Amino acid sequence: AGWRLPGRVLELVFSYLELRELRSCALVCKLWHRVLHGDENSEVWRSLAARCLAEEALRTDILCNVPTYKGKVSQDPLNPPACPPRAPTPRAHPPPVQVRAFHHAFSTNDCSRNVYIKKNGFTLHRNPIAQSTDGARAKIGFSEGRHAWEVWWEGPLGTVAVIGIATKRAAMQCQGYVALLGSDDQSWGWNLVDNNLLHNGEVNGSFPQCNNAPKYQIGERIRVILDMEDKTLAFERGYEFLGVAFRGLPKVCLYPAVSAVYGNTEVTLVYLGKPLDG
């Protein structure tokens, strides 16, 4: 009987399984649940990370702010994320507050035809296409809870470089060089070039709201904080909270998103989980 096996032996067996199978195992009994949830750096998650993630993602500092192997590759095995949310599985915990980086990276199937996702799985590369603005959405959106992710540019911004959120209906490509994210009522964005907030095709003021706000520096990580309970979107730079940028967000599924115009620029998005207070 599997429930009689020592935890270390179970870890070894589980290390050969994929995420879908681990979800099922976590529901078998309390011991199996404890083995899978007790140590997020166990051999189970270390092995899964080695299989799922590109070597570059593990070797570089892309995931430096995602401290555990489980955090790098998976959501809680008991509750795969859904948007809109599903009813909890019987015997399962409530939906987890932290779902994980790999499953929340840019979607290869939900981006402009002029961009591609690099082999590391987290970085968008925009091809040098003239007179086009190109965007990408993350794989998973949110309709409840509090969520944080980091975004940073690894190349020139050009005339427009926007980070924010979008519904599934928002366009991810258009002609010309425009602020695509925030150009309609389906998206909300912060243009890092001129510090303008954008929604429904209008400028909603400058951000952050301070005199002589510093311009974005290439490589600087911006933390995006989406609170679906308060219906707000806020930003942090480094360890500085910049403030709430948008209020009164609709109760719909909202996805992390970016839009870019500069040829060969690259943008990285890493999901962090529930934001830390204070």
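What you are looking at is a predicted structure, and each value in this text was computed from that prediction instead of being measured.
- A ring-centre distance under 6.0 Å is not found for F207 and F246.
- No side-chain heavy atom of L157 sits less than 4.5 Å from a side-chain heavy atom of T265.
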Take W190 and V224 through the test side chain to side chain contact (heavy atoms under 4.5 Å, CB included) and record every step on the way to the result. CA-CA 10 Å; W190 176 25; V224 188; over 6 Å; no
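- The minimum heavy-atom distance linking T133 with S259 is given by the pair CG2-CB, 4.3 Å.
- Taking both residues in full, the closest heavy atoms of Y255 and I140 are given as CD2-C, 3.5 Å, listed atom of the first, atom of the second, then distance.
- A donor-acceptor pair under 3.5 Å is absent between the side-chain atoms of K274 and the main chain of A148, judged by distance alone.
- Residue V160 comes nearest to A179 through the heavy atom pair CG1-CA, 3.5 Å, listed as atom of the first residue, atom of the second, then distance.
- The closest side-chain heavy-atom distance from V244 to F235 is not below 4.5 Å.
- Few gaps surround CD on E21; more than 12 heavy atoms of other groups in view lie less than 6.0 Å from it.
- A salt bridge links K118 and E266; the closest N-O separation between the charged side-chain nitrogens and carboxylate oxygens is under 4.0 Å.
- Judged by distance alone, the side chain of R223 and the main-chain N or O of A234 form no donor-acceptor pair under 3.5 Å.
- When all heavy atoms are compared, the tightest approach of Y177 to Q131 is OH-N, 2.8 Å.
- Looking at E220, its side chain does come within 3.5 Å of a backbone N or O of Q217 through a donor-acceptor pair.
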Does the side chain to side chain contact (heavy atoms under 4.5 Å, CB included) test come out yes or no for V35 and E11, once each step is laid out? CA-CA 7 Å; V35 169; E11 266 192 29; 3.8 Å; yes
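- Counting heavy-atom neighbours within 6.0 Å of Y262 OH, excluding the residue itself, gives a total of 12 or less.
- Counting only heavy atoms from C-beta outward, the side chains of N191 and L198 approach each other to under 4.5 Å.
- When only modelled atom types and interatomic distance are considered, T167 and Q186 share a side-chain donor-acceptor pair under 3.5 Å.
- Counting all heavy atoms, side chain and backbone alike, V151 lies closest to I163 at CG1-CG2, 3.7 Å.
- In this pair, F142 and Y271 present their aromatic rings parallel. The plane angle is below 30°, not in the 30 to 60° band.
- Separating the CG atom in L226 from the NZ atom in K231 is a distance of 12.5 Å, to the nearest 0.5 Å.
- Distance alone, capped at 3.5 Å, is enough to place a donor-acceptor pair between the D194 side chain and the N196 backbone.
- Residues W152 and Y216 have side chains in contact (heavy-atom distance under 4.5 Å, counting atoms from C-beta outward).
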Evaluate side chain to side chain contact (heavy atoms under 4.5 Å, CB included) for V270 paired with W149, printing each intermediate quantity in order. CA-CA 6 Å; V270 175; W149 60 93; over 6 Å; no
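- D110 has its side chain within reach of K168: a pair of non-hydrogen atoms, C-beta onward, lies under 4.5 Å apart.
- Ring centers of H104 and F122: at least 6.0 Å apart, outside the cut-off.
- Side-chain atoms of H125 do not come within 3.5 Å of backbone N or O of V115 as any donor-acceptor pair.
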Could you please spell out the steps behind the side chain to side chain contact (heavy atoms under 4.5 Å, CB included) verdict for L249 and I165? CA-CA 10 Å; L249 297 174; I165 52 176; 3.9 Å; yes
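- Nearest approach of P250 to W188, heavy atoms of both residues: CD-CZ2, 3.5 Å.
- Distance alone, capped at 3.5 Å, places no donor-acceptor pair between the R113 side chain and the Y116 backbone.
- T232 is not listed as a side-chain neighbour of E229, based on a closest heavy-atom distance of 4.5 Å or more.
- Between E240 and R237 there is no salt bridge, since no side-chain N of the basic residue sits under 4.0 Å from a carboxylate O of the acidic one.
- With 3.5 Å as the limit, one finds a donor-acceptor pair spanning the side chains of D134 and S132.
- Between D230 and R146 there is no salt bridge, since no side-chain N of the basic residue sits under 4.0 Å from a carboxylate O of the acidic one.
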